[in-house]
Amino acid sequence: MTAAQYLEVATPALSRRSRGDPPIESADATATRPYEALPSGFDAADGTDALVRKSSIMTIQLLIADDQEMVRRGMRRILEQQPDMEVVGEAADGETAVELARRLRPDVALVDIRMPRLDGLEVTRRLAGPGAAVPVKVVVVTTFDLDEYVYPALRNGASGFLLKRSGPTLLVEGVRAAMAGDSLISPSVTVRLLRHITGKRRESGAVIEPLTEREIEIAGKVAEGKTNADIAAELFISPGTVKTHVASIQRKLGVRNRVGIAVRAWEMGYVTGPSLG
């Protein structure tokens with residue numbers, strides 16, 4: 001997907017704007033900025049002004065790091081349509097991304113893989129890895145779903161790995177998942193990740209406690225990239241019940257998130273999943 005195509009993804013919802021594009025912040029963005037008015041039709045049903053609605057709730061502060069300005073602009077438009085999201089800074093290279101993240105303290109950094117000065121893998125390690133003094137949640141958003149990018153990014157602490165072609169909905173869901181301490185991976189990337197892991201077929205660590213049959217079933221569906229709502233619908237249980245099972249699975253496997261569940265489930269042979277060819 002080209003930068004122009006990615007920008008077009010964000011454009012239709014804003015086609016009713018009567019004014020020009022909002023200004024794009026430079027790399028020396030400050031920590032706060034006035035909220036932009038939301039697109040027509042996005043106001044509350046009771047007619048509450050969009051600016052009032054957005055400023056009255058807790059905001060997820062975001063940093064976008066991508067070397068293409070049009071991609072940054074498209075992502076900003078998608079994210080700032082959400083009433084609880086604000087882009088507080090942008091960076092066109094990795095060094096600037098790390099500097100801004102440490103200064104602005106965003107809740108989530110959206111990081112491309114291929115950037116000048118410092119690539120996205122190293123940015124992820126510095127911001128979200130074990131040695132990070134003040135960890136920042138990182139979601140990698142890239143065009144490339146190569147194994148040599150996916151696995152190291154997750155090992156370096158990324159809370160998600162999304163492809164730019166996945167579209168606006170998954171981008172927003174990825175941010176929300178990171179904020180919830182969860183993870184989201186593009187479905188095709190999940191398959192590549194699991195192929196990478198099962199190709200080595202492991203030395204899996206010890207399990208804190210064996211999973212029940214139901215938990216093994218849910219772990220398998222998590223490994224397929226399904227959401228709690230998807231799993232609930234398939235198993236005829238409530239999303240809340242699924243959430244409880246997922247928390248139990250994380251504890252028993254000694255992992256932090258859904259990515260960890262998928263990795264351990266495949267490593268330990270709990271799931272067979274789709275044929276990987």
Task: Arg251/Glu209 under salt bridge (Lys or Arg N to Asp or Glu O under 4.0 Å): CA gap, chis, key distance, verdict - done: CA-CA 8 Å; Arg251 178 183 60 80; Glu209 182 181 341; 3.3 Å; yes
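- Shown are Leu79, Val138, Val140; of these, the side-chain contact (heavy atoms from CB on, under 4.5 Å) with Leu110 is made only by Leu79.
- When side chains are defined from C-beta on, Lys137 does not count as touching Val175, because their heavy atoms never get closer than 4.5 Å.
- The shortest side-chain heavy-atom distance between Arg102 and Val134 does not fall under the 4.5 Å cut-off.
- Rounding to the nearest 0.5 Å gives a distance of 12.0 Å between CG of Asp119 and CG of Asp93.
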Task: side-chain contact (heavy atoms from CB on, under 4.5 Å) evaluation trace for Val222 with Ile231 - done: CA-CA 8 Å; Val222 169; Ile231 297 171; 3.9 Å; yes
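- For the residue pair Gln82 / Arg176, a side-chain donor-acceptor distance below 3.5 Å is found, with atom types taken as modelled.
- Remark: Thr244 OG1 to Glu215 CD distance equals 10.5 Å, nearest 0.5 Å.
- To the nearest 0.5 angstrom, His245 atom NE2 is 12.5 Å from Ile216 atom CD1.
- Shortest non-hydrogen contact noted between Gly174 and Leu162 is CA-CD1, 4.1 Å.
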TODO: Could you walk me through whether Asp66 and Lys164 pass salt bridge (Lys or Arg N to Asp or Glu O under 4.0 Å), step by step?
DONE: CA-CA 11 Å; Asp66 194 293; Lys164 291 176 181 176; 2.7 Å; yes
TODO: For salt bridge (Lys or Arg N to Asp or Glu O under 4.0 Å), just list the numbers for Glu69 and Arg73, CA-CA rounded to whole Å, side-chain angles, deciding distance to a tenth of an Å, and then say yes or no.
DONE: CA-CA 6 Å; Glu69 181 180 352; Arg73 183 179 301 176; 3.2 Å; yes
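- Taken from CG in Leu211 to OG in Ser248, the straight-line distance is 7.5 Å, to the nearest 0.5 Å.
- You'll find the side chain of Thr143 stays beyond 4.5 Å of the side chain of Arg114, heavy atoms only.
- Between Pro239 and Ala232, the shortest heavy-atom distance links the atoms N-CB, 3.6 Å.
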Open item on the list: Could you walk me through whether Val108 and Leu63 satisfy the side-chain contact (heavy atoms from CB on, under 4.5 Å) test, starting with their C-alpha distance in whole Å, then the side-chain angles of each, then the deciding distance to 0.1 Å, before giving a yes or no?
Closed with: CA-CA 6 Å; Val108 180; Leu63 171 68; over 6 Å; no
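- Between Phe161 and Thr142 the shortest side-chain heavy-atom distance falls below 4.5 Å.
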- [ ] Take Ser238 and Thr241 through the side-chain hydrogen bond (donor to acceptor under 3.5 Å, both in side chains) test and state the conclusion after the steps.
- [x] CA-CA 5 Å; Ser238 72; Thr241 299; 2.9 Å; yes
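- Looking only at side-chain heavy atoms (C-beta outward), Leu127 and Pro135 stay at 4.5 Å or farther from each other.
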Open item on the list: For a salt bridge (Lys or Arg N to Asp or Glu O under 4.0 Å) check, start with the C-alpha distance between Asp67 and Arg72, then their side-chain angles and the critical distance, and finish with the verdict.
Closed with: CA-CA 8 Å; Asp67 61 343; Arg72 297 197 306 272; over 6 Å; no
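- Smallest separation of non-hydrogen atoms from Asp84 and Met58: CB-O, 3.6 Å.
- For the atom pair Met115 CE and Leu121 CG, the distance stands at 9.5 Å (nearest 0.5 Å).
- The minimum heavy-atom distance linking Gly157 with Ala128 is given by the pair O-CB, 3.5 Å.
- The two atoms that bring Ala219 and Ile249 nearest to each other are N-CD1, 4.0 Å, heavy atoms only.
- For the pair Val141/Met75, a side-chain contact is recorded, criterion being any heavy-atom separation below 4.5 Å from C-beta on.
- Counting heavy atoms from C-beta outward, Val111 and Ile64 have side chains that stay 4.5 Å or more apart.
- Ile218 CD1 to Leu235 CG: the interatomic distance, rounded to the nearest 0.5 Å, is 6.0 Å.
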TODO: Check the pair Glu86 / Ile60 against side-chain contact (heavy atoms from CB on, under 4.5 Å), numbers first and verdict last.
DONE: CA-CA 6 Å; Glu86 176 190 14; Ile60 301 172; over 6 Å; no
TODO: Quick one: do Leu62 and Met85 satisfy side-chain contact (heavy atoms from CB on, under 4.5 Å)? Show the steps, please.
DONE: CA-CA 7 Å; Leu62 305 169; Met85 294 185 186; 4.1 Å; yes
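- Within the 4.5 Å cutoff, the side chain of Lys221 has no heavy atoms near those of the Val242 side chain.
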